[in-house]
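Right, one structure below, let's go through it.
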Amino acid sequence: MKLTRLPLVLSAGLLMLMTFSCDSGKTVPDSAEARADNLLEQMTLDEKIGQMSQLDLGYFMDPEQLKQAVRDGRCGSLLNFLGTEQVNEIQRIALEESRLGIPLIIGRDVIHGYRTIFPIPLGMAASWNPEAVRQAFRISAIEASSDGIRWTFGPMIDITWDPRWGRIAEGCGEDPFLASTLATAMVTGIQGDSLNDPTSLAACAKHYVGYGFAEAGRDYNTTYIPEPLLRNVVLKPFLAAKEAGAQTFMSAFNDLNGIPTSGNQFTIKKILREEWGFDGFVVSDWASVTQMVNHGFAEDDKHAAAIAINAGVDMEMATTSYYDNIKTLLDKKKITMVQIDDAVRNILRVKFRLGLFDNPYVNPEARAKILDPSFLEHSRTVARQSAVLLKNENAALPLAAEKISSVAVIGPLADAPRDQLGTWCFDGRAENSVTPLKAIRDLLGDQRVNYVQALTYSRDRSKKDFAAAVVAARRSDAVLFFGGEEWILSGEARSRGEIGVPGAQTELLEALAATGKPIILVIMAGRPLAIGRELNLSDAVLYAWHGGTMAGPAIADLLFGKESPSGKLPVTFVKGAGQIPFYYYRKNTGRPASAQSFTPVDSISSVNPQISIGDKSFHLDYGFTPLFPFGFGLSYTTFGYSDIELSSQVMKMDGTLTVSARVTNTGKMDADEIVQFYVRDRVGSITRPIKELKGYNRLSIKKGETVEVKFTLRAADLAFFNGKETVTEPGRFDVWIGPSSEEGLHSDFILE
Ligand code: GLC
């Protein structure tokens with residue numbers, strides 16, 4: 001039925017009316033659904049193709065070209081286009097000057113904050129605090145939407161085992177359970193309580209799927225992921241994002257087992273659509289459609305467009321193979337009109353759900369919320385909870401501000417306002433950053449802070465200021481060394497073959513350690529660095545990631561004991577790149593190593609008989625343990641674990657099992673403890689991990705207080721894909737409740 005164009009509100013209302021009149025008596029399953037169908041019937045092929053094309057502002061060097069393209073219905077989405085006035089103008093053109101008045105959906109990478117920047121996602125993951133993370137993403141959405149953005153290309157929920165991969169910074173680490181809980185929190189924060197709230201953004205679960213398994217940690221590299229690993233680990237956070245209502249998914253760059261993920265019918269059509277019932281839309285990554293030519297999977301852009309459309313990629317980001325080729329592909333019957341209509345319907349459905357038809361304009365007053373003090377305070381809270389205390393000897397920390405006469409603040413990241421914002425920070429501004437130097441000066445006063453940058457950036461190899469740094473150290477009671485990586489050394493296309501501390505930072509630390517002063521090392525980085533040498537040179541080490549706008553005050557709060565560090569590692573820290581991949585839920589192998597079996601390289605004599613009897617699974621130099629395990633993190637207090645109890649020694653397939661324990665704050669300071677719950681399936685129809693995280697709880701425990709913690713298991717929590725089917729198999733299971741993946745109270749039960 002053709003509607004003559006009426007003022008949008010009326011036509012939308014009419015669409016609604018039509019819907020009810022057409023389906024009188026039947027409850028419309030989803031007004032967005034019905035409205036999308038109604039609109040689809042009126043669209044020309046050109047308009048449909050336009051909806052499937054997302055264009056970058058850079059594509060239109062001339063604003064008038066952009067406006068005309070929108071008038072013509074040539075693009076349904078823009079990325080990297082923002083600003084209240086600009087967005088309202090371009091939306092007005094879309095709504096009032098195009099034939100059908102279909103609003104644009106405007107997307108941007110708001111990965112860990114918009115103007116108020118939070119720690120990089122890997123840092124936020126170290127907080128193990130989904131509620132705090134949800135609030136961070138809610139704040140990000142409030143700020144971004146005030147500039148006209150209603151779609152973010154996040155959360156990034158790629159599991160990875162490889163700290164060489166620069167994009168480890170953007171994800172939630174190595175564990176599927178932790179990543180799934182955080183994916184849920186992030187999607188919920190981004191999309192808010194109601195999608196059509198003007199501060200809600202459509203989330204985009206990315207990069208679907210397997211991108212983090214790039215061989216050698218080299219970005220964009222090939223990925224081989226057997227289906228059990230894909231389903232038992234890599235897909236888990238994406239399923240969680242879908243269950244949380246993520247409205248869009250982004251197909252990725254990587255070739256997955258020979259099939260590029262932007263042309264992969266198995267992952268998109270079979271798993272995402274058929275198995276999971278996803279009803280949002282799929283956008284490609286930047287040029288990931290046409291890059292299938294480079295992959296050797298498409299002859300040319302036209303072939304690539306056909307592959308992507310046949311796989312179910314609804315919208316093409318940045319390139320124009322859809323716009324250029326869909327008509328030809330239809331004529332040649334390489335794709336069908338049904339596929340085009342399905343893609344456009346998916347896109348329109350999300351636009352209706354977001355309320356873009358009914359409320360397309362940005363309220364200019366909304367910008368007043370940007371950098372709201374409460375937002376900055378939350379960023380400080382999250383940065384505090386994200387920092388991980390890795391070492392604290394000789395009572396180096398916390399420092400007593402009232403007692404200390406002076407501190408030496410040294411290093412390239414003490415006063416690096418842009419670096420502390422981390423990667424994927426389009427709109428955060430260095431001018432808003434509060435650096436550690438500023439925060440410590442505010443706390444102690446300038447007179448008690450002896451600052452020498454010594455290295456101007458993390459890769460700096462100049463030693464010309466080392467002497468001045470040593471003088472400052474000698475004049476001070478303690479050295480606070482701020483080192484790590486500049487922000488540009490992590491993120492997209494920022495993989496490193498070696499993952500040590502760059503530049504001459506270690507040499508500087510050696511010179512400072514030689515003074516005999518207490519050395520407190522604060523690392524700000526976008527990945528787990530191999531910090532064995534630096535660890536040995538320091539009395540205390542605080543891993544603060546790139547902590548965002550308020551990293552400085554957060555770090556000062558921790559160094560001077562306003563709060564105890566409470567973060568726990570969301571990823572294994574290796575001793576060196578040679579240990580990669582190293583993740584806690586590894587398999588036991590047929591020859592598991594132990595302290596008794598390990599032969600350190602230096603213990604081997606220089607003369608040896610030929611021995612062919614193999615030993616155990618370890619490296620002669622690195623051994624078989626990481627530098628720090630997943631889940632590790634110290635506190636200024638101590639916690640005792642006791643009384644692990646099971647509700648039964650036998651769990652029925654259709655039953656549940658509760659495992660409890662007591663946790664006591666045995667130290668002198670109130671603090672949070674992240675209690676972790678792990679399970680091991682001892683024998684399976686495929687080999688099973690030695691441990692899997694199945695629960696965690698961040699508990700605030702006062703000094704001297706004991707709290708009980710409980711975790712409940714259902715059979716479904718023990719299910720796994722064995723290569724043929726998803727099963728829960730009877731047998732003996734181990735359980736642990738403890739402070740990390742390597743320690744805790746143990747018990748076991750039988751599942752039957
Ligand atoms: C990039 C990234 C993706 C991002 C997109 C738009 O290449 O892979 O994560 O959302 O382009 O900026």
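As the structure is a prediction and not an experimental result, all values here were calculated from the model. In each ligand, atom 1 is the first atom listed, and ligand 1 is the first ligand listed.
Closest to atom 11 (O) of ligand 1, if we only count protein heavy atoms, is D285 OD1, 3.2 Å. Protein heavy atom nearest atom 6 (C) of ligand 1, with residue, atom name and distance: D109 OD2, 3.3 Å.
Listed by number with element, the atoms of ligand 1 under 4.0 Å from a non-hydrogen atom of F153 are 10 (O). If you number the atoms of ligand 1 from 1 as listed, the ones under 4.0 Å from a heavy atom of W286 come out as 7 (O), 11 (O). Distances below 4.0 Å separate heavy atoms of M250 from the following atoms of ligand 1: 10 (O). Close contacts between ligand 1 and K206 involve ligand atoms 3 (C), 4 (C), 9 (O), 10 (O) [criterion: under 4.0 Å to a heavy atom]. When each atom of ligand 1 is checked for a heavy atom of F253 under 4.0 Å away, the hits are 7 (O), 8 (O).
Annotation: cation-pi pair R218/W165 absent, no NZ/CZ under 6.0 Å from the ring centroid and within 45° of its normal. Geometric assessment of R167 against the ring of Y211 yields a negative cation-pi assignment under the 6.0 Å and 45° thresholds.
One finds a salt bridge joining E227 and R231 here, because a Lys/Arg side-chain nitrogen approaches an Asp/Glu carboxylate oxygen to under 4.0 Å.
Using cut-offs of 30° and 60° for the angle between ring planes, the F357 and F352 rings count as parallel.
Assignment of R167 to the shell around ligand 1 is supported, since a heavy atom sits closer than 4.0 Å. Remark: distances from the non-hydrogen atoms of M156 to ligand 1 are all 4.0 Å or more.
An N or O contact shorter than 3.5 Å links H207 to ligand 1 by distance. Considering backbone and side-chain atoms alike, E492 places an N or O below 3.5 Å from some N or O of ligand 1.
Checked against Y208 for a ring pair (Phe, Tyr, Trp, His ring centres under 6.0 Å), the options F278, F249, F153, F253 give a single hit: F249. A side chain to side chain donor-acceptor pair (under 3.5 Å) with E492 holds for exactly one of W424, Y220, W286; it is Y220. Checked options S284, S288, S251, S77; the residue passing with M317 is S284 (criterion: side chain to side chain contact (heavy atoms under 4.5 Å, CB included)).
At distances below 3.5 Å, not a single donor-acceptor pair connects side-chain atoms of T319 with backbone N or O atoms of S321.
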